[in-house]
Amino acid sequence: MEETKDSLTFKGVAERLTLGIARILESMPGVVDVRFAEREPAEKRSLLSWEQKNTCILPEDLRDFYLTADGFTLTWSVKLDDECVPLGCMMINSVARLFPLLQPVSLFSLPNAPSLADLDWEENSTECGSEQAPAAPHFDSRSRIFELDSCGGNGKVCLVYKNCTPGVVAQQSEIWFLDRSLCWHFLTATFTSYYRLMITHLGLPEWQYLFTPYGPSPQAKQWASLYQPLTFRSELSLADPAGDSYFNKLDPTRAFKGKTKVPAPKKKPPAQCILGNTAKSQGSTGRHSGTKR
């Protein structure tokens, strides 16, 4: 009896934690194998240990999330030709896997070995592709960056503390996306806003690239238009008021219409030929006038 009550309690917590997205996915055509990983809450001492180790204060909403569940994983697949193909993945690393993006330099590494800090050659760097965007994080000691989601190798969603001072506890954090070209893109100011974005986009492949100037790949756009048509179309309209800049504007009536051939210009004869012809015409005119007389 107690086990049944505990399972029902956890099911209610999971329902509120996922905002009911699992039921929505199961009702979609072609979606199969929706899996939500059950995780126990994180202990307070593990959160305190992480903060002391990294000299950072976890934001309150992220702390409350970890005290509810130590991480988040929800995956789903689609059925294509009697075969299950993994498609969606929503993930937030646990406290134990909330690693710094920049690992400390090893004692055995070469002194002049290249690192991510070499990319900070601009003093006032901004978000890639935008001049009025907030200042982008740095790969050196000015920022403390921790990986929330590896995005299946398509980039990294990171918890970022900017304007850090060595030895001083960092408190203000933001959520940023680091794409495969190592370019930063601002996502949200709070973890709660990012969590809602992740749920809204169903964990579709490369959904974070919707917040970049170049957008996701054509294949990812096809999946988004299939399983997220309303949100996908509204985001396209926000990026372009016309809303159809990403589609081929092909008019078959014009594309396959026969082209009218332009007549080639006639070549003008040389000046000598013109003079000769003129003289001949005058001679013939004289003969005709003589015969009439």
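Every value quoted in this text rests on a predicted model; they were computed, and no experiment measured them.
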Check: [Y] main-chain N/O paired with [X] side-chain donor or acceptor under 3.5 Å:
X      : Y      : answer
Thr212 : Gly215 : yes
Trp223 : Gly88  : no
Ser143 : Pro137 : no
Arg144 : Thr55  : yes

Sequence-distant partners of Trp50, ring pair (Phe, Tyr, Trp, His ring centres under 6.0 Å), two or more places apart
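Trp50 satisfies ring pair (Phe, Tyr, Trp, His ring centres under 6.0 Å) with Phe146 once adjacent residues are dropped.
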
Report the residues that fulfil ring pair (Phe, Tyr, Trp, His ring centres under 6.0 Å) with Phe65, sequence neighbours left out, ordered by chain and then residue number.
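With neighbours one apart ignored, the set is Phe191, Tyr195.
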
Can you pull the salt bridge (Lys or Arg N to Asp or Glu O under 4.0 Å) pairs that have at least one residue in [range], sequence neighbours excluded?
range            : answer
residues 53-78   : Glu51-Arg63
residues 149-178 : Glu147-Lys156, Lys162-Glu174
residues 25-36   : Asp33-Arg35
residues 198-220 : none

Quick one: does [X]'s side chain get under 4.5 Å of [Y]'s, heavy atoms only?
X      : Y      : answer
Pro41  : Leu67  : no
Asn54  : Pro100 : yes
Val78  : Leu226 : no
Thr75  : Cys89  : yes
Val31  : Tyr227 : yes
His185 : Asp179 : yes
Phe36  : Leu17  : yes
Thr200 : Trp207 : no

After noting the C-alpha distance and the side-chain angles of Phe177 and Tyr209, does the key distance pass the ring pair (Phe, Tyr, Trp, His ring centres under 6.0 Å) rule?
CA-CA 9 Å; Phe177 175 62; Tyr209 281 88; 5.1 Å; yes

Rounded to the nearest 0.5 Å, what's the gap from [atom1] on [X] to [atom2] on [Y]? Could you check?
X      : Y      : atom1 : atom2 : value
Cys158 : Trp176 : SG    : CH2   : 11.5 Å
Asn163 : His138 : CG    : NE2   : 7.5 Å
Gln172 : Cys164 : CD    : SG    : 10.5 Å
Ser173 : Ile57  : OG    : CD1   : 10.5 Å
Leu74  : Ile21  : CG    : CD1   : 8.0 Å

Evaluation steps, side chain to side chain donor-acceptor pair (under 3.5 Å), between Ser49 and Ser46:
CA-CA 5 Å; Ser49 176; Ser46 62; over 6 Å; no

Would the number of heavy atoms belonging to other residues, nucleotides or ligands and lying under 6.0 Å from CZ of Arg180 be above 12?
yes

Under the side chain to side chain contact (heavy atoms under 4.5 Å, CB included) criterion, do Leu159 and Ile175 qualify, and how do the steps go?
CA-CA 5 Å; Leu159 177 70; Ile175 308 298; 3.8 Å; yes

Which residue, Ile199, Leu187, Leu62, forms the side chain to side chain contact (heavy atoms under 4.5 Å, CB included) with Tyr194?
Leu187

Would Arg142 and Thr165 count as a side chain to side chain donor-acceptor pair (under 3.5 Å) here? Give the steps.
CA-CA 7 Å; Arg142 288 174 288 180; Thr165 304; over 6 Å; no

